[in-house]
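In what follows, a structure is listed as structure tokens, so that the remarks can point back to it.
Lettering of chains follows the sequences in order, A, B, ..., and the numbering in each one begins at 1.
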There are 2 protein chains.
Amino acid sequence: MTAGGIPPENDPPAVAHWNRGVLRSINERVLLDRVRAAAPISRAQLARDTGLSKPTVSTALDALERAGLVRAVGLETGARGRAALLYEPDPTAGYVVGIDVGRSWIRVAVADLDGRLLARQDRHNRARTSATMLATATDLAQTVVADAGLTPTAVVHTVIGCPGVYDRAADRIRYAVNLPGWGRPGLRGRMESALGTTVDIVNDANLAALGEYHSGAGVGCPLFVYVTVGTGLGMGIVADGRLFPGASGAAGEIGFLPLSPRPSDRVGHGASAPVPRRGMLEDAVSADAVVRGARALGMTGPLTAKGVFDAARRGVEPAAGAVRHEAQRLAHVVAAVTAVLDPELVVLGGGIGANADLLMGPMTAALHELTPLRPRVAASGLGEEAVLLGAVATAVSTARERVFAHHAQG
Amino acid sequence: MTAGGIPPENDPPAVAHWNRGVLRSINERVLLDRVRAAAPISRAQLARDTGLSKPTVSTALDALERAGLVRAVGLETGARGRAALLYEPDPTAGYVVGIDVGRSWIRVAVADLDGRLLARQDRHNRARTSATMLATATDLAQTVVADAGLTPTAVVHTVIGCPGVYDRAADRIRYAVNLPGWGRPGLRGRMESALGTTVDIVNDANLAALGEYHSGAGVGCPLFVYVTVGTGLGMGIVADGRLFPGASGAAGEIGFLPLSPRPSDRVGHGASAPVPRRGMLEDAVSADAVVRGARALGMTGPLTAKGVFDAARRGVEPAAGAVRHEAQRLAHVVAAVTAVLDPELVVLGGGIGANADLLMGPMTAALHELTPLRPRVAASGLGEEAVLLGAVATAVSTARERVFAHHAQG
DNA sequence: TAGTTAAGGAATTTTACTTTACAAACCGGT
DNA sequence: ACCGGTTTGTAAAGTAAAATTCCTTAACTA
């Protein structure tokens, strides 16, 4: 009959069934968002806020209540007319797990859909292989879920933060130099079957950035970057509340920033490179560099970056000099990022955020000499908690989507 | 009665009039997009593609046709059954003007809503004041509109590309060092009253990036940057087809990239700066730097960047060396951008794009030594036309939105 | 206790979609 | 030339969901 032997199934419509109750879903979504934003709130107020009619609000809210997404919370009394029934989002509609797999600590937290932490535990990360680290994390997660009095099936979603760039297509982590075996493919699938939830794996600096956006120094900021300096150098970019991941998830990997050619333009003769040597800025800015700088200025003995900062705080001059130099180098990093991205705000985390009292002043001064662009600069509001809180916040967002989608379609 | 003397106007609904025919608008929008994507196309095919029913498609398409947004274009004959009436977007529903105010040329083009150029003119930019430049541009625009046989009122929107960063809030251009008087506030208002259309003012590198996205080397690419090197250094970032403007519109101003500290970490004593001198990479990479490099390698006489490239193409060794050095420096710029943004593609324009045959090889080789990230690198597909075509393409997008919105709401 | 004000809900109308049915138009074959 | 097969476009009927209108209920106020 037709060309092929098998009658070709109609191509799936470019717009999947727009008309079967989609408007209803949209309205329910709008109402749920509004309840989240202005809880506790009455049906009548919702109608005024959204422009929907009262009957529509009522039926939609009934549906949301039956689905367990919102719940009545009390009566608004004291005003003139009839008392209003107030509603709020039901945080027990689902729970999430956030995990921070750091180089020395593994932290796990459980939260409800409001983002309230119900339980958490930290454990020293002594494992040095991918398998044991994964086992520690899942074990800890199960413990914490039990601590919160939840069954594992109540958990809707898990977000794991770790160093490196997770390549979703290949299901493996790239550029995670310090975690042996961590680059083996299939990580996500293993985590999902071990935890019994969906799992997202996200770079730790990116999660920290999202954490600062949701509850730290970057709350509500439409475009900011989170820069962390510690063992290495990392950055997360948050634009309009969402991560800017780059084409392969590697946006913000400023450890790969190259060292620029000398400003003096005196090129050598022939093939002698005008670039002094190839290398990454990471070596020049990370915690080790602070120690190296302090040694070069005459400090002796067993030194750590923290020790140098503490000494500088006590007024020890070589340490203070090393700190000033670190501020200079950091200013270069921030200036480079600023020239490319033009963020409104730069949040400093990691070791830098912890020593912002010393670094911020000279850093901003150096920055102002380097570029006419003037982003606000602030210290992290969450400190070491940033990654974990970011994981939880991201998981909550995803879980909210999923719970609503399940109600609307399933 | 209520608290305040003036009864407070109800807050505008958070969701602006969801009620009145929203679903209809959405469907009409979907249909119009589909007609644009697959013209010429029949009502029956539209129904199949969108998942809407045939009657719905018919009534919506009637509305679009009455509004002048689509038009019947012929009959599909030769197939099995009844001949189908075919529709296409009506490009005469509105027209746009694109203007490229460059340092030496002012270019103007008029296009219809399909983006087809109807007329264009270029004129040498001899003006050196803001006022005369503006007068030249508006004069040229009016001429070109007349050339196209249009009345000025047929033009819906104008987009102007120029150096610098347009600050929408302050209505003035910042960082446009080479255009005296161009930073005076009120530019947009003056242009709008002079041209009788709405006007957008956009950085020229950003427009070139959009041009490459719509019809150049970056067609359909979800994340790419356009880097232009000429008198200065500029960049535009396109993510998901839209410009990434940054917090103040200055994203991509890589002329402000700082020169990094020396990689050798030997900090000096006391306050002697570890940063050799403050300065911007722009000086080290722009066209002038090519000439300086060539002189340093022994070339004499009156030199231009173009001359150096031509000489290198003829095999003159000092020139070839200068080009290699330029490629090295350019690789540093690209590596820095890549570390921050992780683009899928880097499009090279301006003088670099014109000499991609010489630069691309050594540039990518140097890039691969600087970073493990490997963005694709390509030469501009539009050359000197990029800014103008980008202005037109952007104006077409805005005009399409506006024309449809006018039909849906007005 | 009566009056005022606002909330919630029922009945009705409006809008805009789908389904079903059908006439019109085109092709190919006899 | 004409007829069956096939597809397009439209008309009529049916349905989902929202708006409008109107009414009851509940709380505070005088």
Side-chain angles (χ1 to χ4, degrees), chain A residues 1-3 7-8 10 13 15-31 35 40-65 70 72-87 408, chain B residues 1-3 7-8 10 13 15-31 35 40-66 70 72-87 408-409:
Chain A
M1 313 284 258
T2 43
N10 260 352
V15 176
H17 287 229
W18 260 111
N19 307 297
R20 195 73 178 176
V22 179
L23 200 48
R24 181 58 157 279
S25 289
I26 293 173
N27 284 335
E28 285 181 2
R29 158 63 76 104
V30 167
L31 286 169
V35 170
I41 186 170
S42 72
R43 288 154 125 101
Q45 188 59 46
L46 281 170
R48 282 189 295 268
D49 286 358
T50 61
L52 295 166
S53 67
K54 284 195 290 176
T56 302
V57 169
S58 260
T59 53
L61 215 61
D62 284 344
L64 290 174
E65 193 175 12
V70 303
V73 68
L75 279 87
E76 165 83 85
T77 183
R80 194 68 67 95
R82 172 177 172 180
L85 249 173
L86 298 177
Y87 290 83
Chain B
M1 312 286 256
T2 44
N10 259 351
V15 176
H17 286 224
W18 262 110
N19 351 343
R20 207 70 178 172
V22 180
L23 197 49
R24 184 56 159 277
S25 288
I26 292 174
N27 284 333
E28 285 181 3
R29 158 64 75 103
V30 166
L31 286 169
V35 170
I41 187 170
S42 72
R43 289 156 123 103
Q45 188 60 44
L46 281 169
R48 281 190 295 268
D49 287 358
T50 59
L52 295 167
S53 68
K54 285 195 290 176
T56 302
V57 170
S58 259
T59 51
L61 214 61
D62 284 344
L64 289 175
E65 193 176 11
R66 272 197 306 279
V70 302
V73 67
L75 279 86
E76 167 83 85
T77 183
R80 199 82 61 97
R82 169 178 171 177
L85 247 173
L86 298 177
Y87 289 83
Q409 295 297 339

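The distance from atom CD of B:Q45 to atom P of D:dG9 is 10 Å, rounded to the nearest whole Å. The CZ atom of A:R48 sits 9 Å away from the P atom of C:dA6 (whole-angstrom rounding). Nucleotide C:dT19 holds its P atom 11 Å from the CG atom of B:L52, rounded to whole Å. At whole-Å resolution of the value, CZ in A:R43 and P in D:dA19 are 15 Å apart. Rounded to whole angstrom, the span from the CG atom of A:L23 across to the P atom of C:dT15 amounts to 15 Å. Following rounding to the nearest Å, B:E28 (CD) and C:dC17 (P) show an atom-to-atom distance of 8 Å. Computed from coordinates, the B:I41 CD1 to D:dG9 P distance equals 11 Å when rounded to whole Å. With rounding to whole Å, A:E65 atom CD is found 10 Å from C:dG9 atom P.
Taking the salt bridge (Lys or Arg N to Asp or Glu O under 4.0 Å) definition, one finds that B:E76 meets it with nothing, sequence neighbours left out. Residues passing the salt bridge (Lys or Arg N to Asp or Glu O under 4.0 Å) test with B:R82, sequence neighbours excluded: none. With sequence neighbours left out, B:A72 forms a side chain to side chain contact (heavy atoms under 4.5 Å, CB included) with B:E65, B:L85, B:Y87. Applying the side-chain hydrogen bond (donor to acceptor under 3.5 Å, both in side chains) rule to A:T59 yields no partners; only residues at least two apart in sequence or on another chain are considered. Residues satisfying the side-chain hydrogen bond (donor to acceptor under 3.5 Å, both in side chains) test with B:S58, not counting sequence neighbours, are B:R43.
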When every nucleotide of nucleotides 24-30 of chain D is labelled 5' to 3' by its protein contacts under 4.0 Å (heavy atoms), B for base, S for sugar-phosphate only, - for none, what sequence of letters results?
-BBBS--
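Of the side-chain N and O atoms in A:S58, none sit less than 4.0 angstrom from OP1 or OP2 of C:dG8. For C:dA16, the OP1/OP2 oxygens have no side-chain nitrogen or oxygen of B:T59 closer than 4.0 Å. For D:dA19, the OP1/OP2 oxygens have a side-chain nitrogen or oxygen of A:T56 closer than 4.0 Å.
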Going through the checks in order, is the side-chain contact (heavy atoms from CB on, under 4.5 Å) test met by A:D49 and A:I41?
CA-CA 10 Å; A:D49 286 358; A:I41 186 170; 3.6 Å; yes
Criterion side-chain contact (heavy atoms from CB on, under 4.5 Å) on B:L46 and B:V35, from CA distance to verdict
CA-CA 8 Å; B:L46 281 169; B:V35 170; 3.8 Å; yes
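Among the protein residues, B:S42 comes within range of the sugar-phosphate backbone only, with heavy atoms under 4.0 Å from sugar or phosphate atoms but none that close to a base.
Out of C:dG8, C:dT19, D:dT8, the shortest distance to the side chain of A:K54 is found at C:dG8. The side chain of A:N27 lies closest to D:dA18, out of C:dT20, D:dA18, C:dA7.
Between A:V57 and B:Y87, the one whose closest nucleotide on DNA chain D sits nearer the 5' end is B:Y87.
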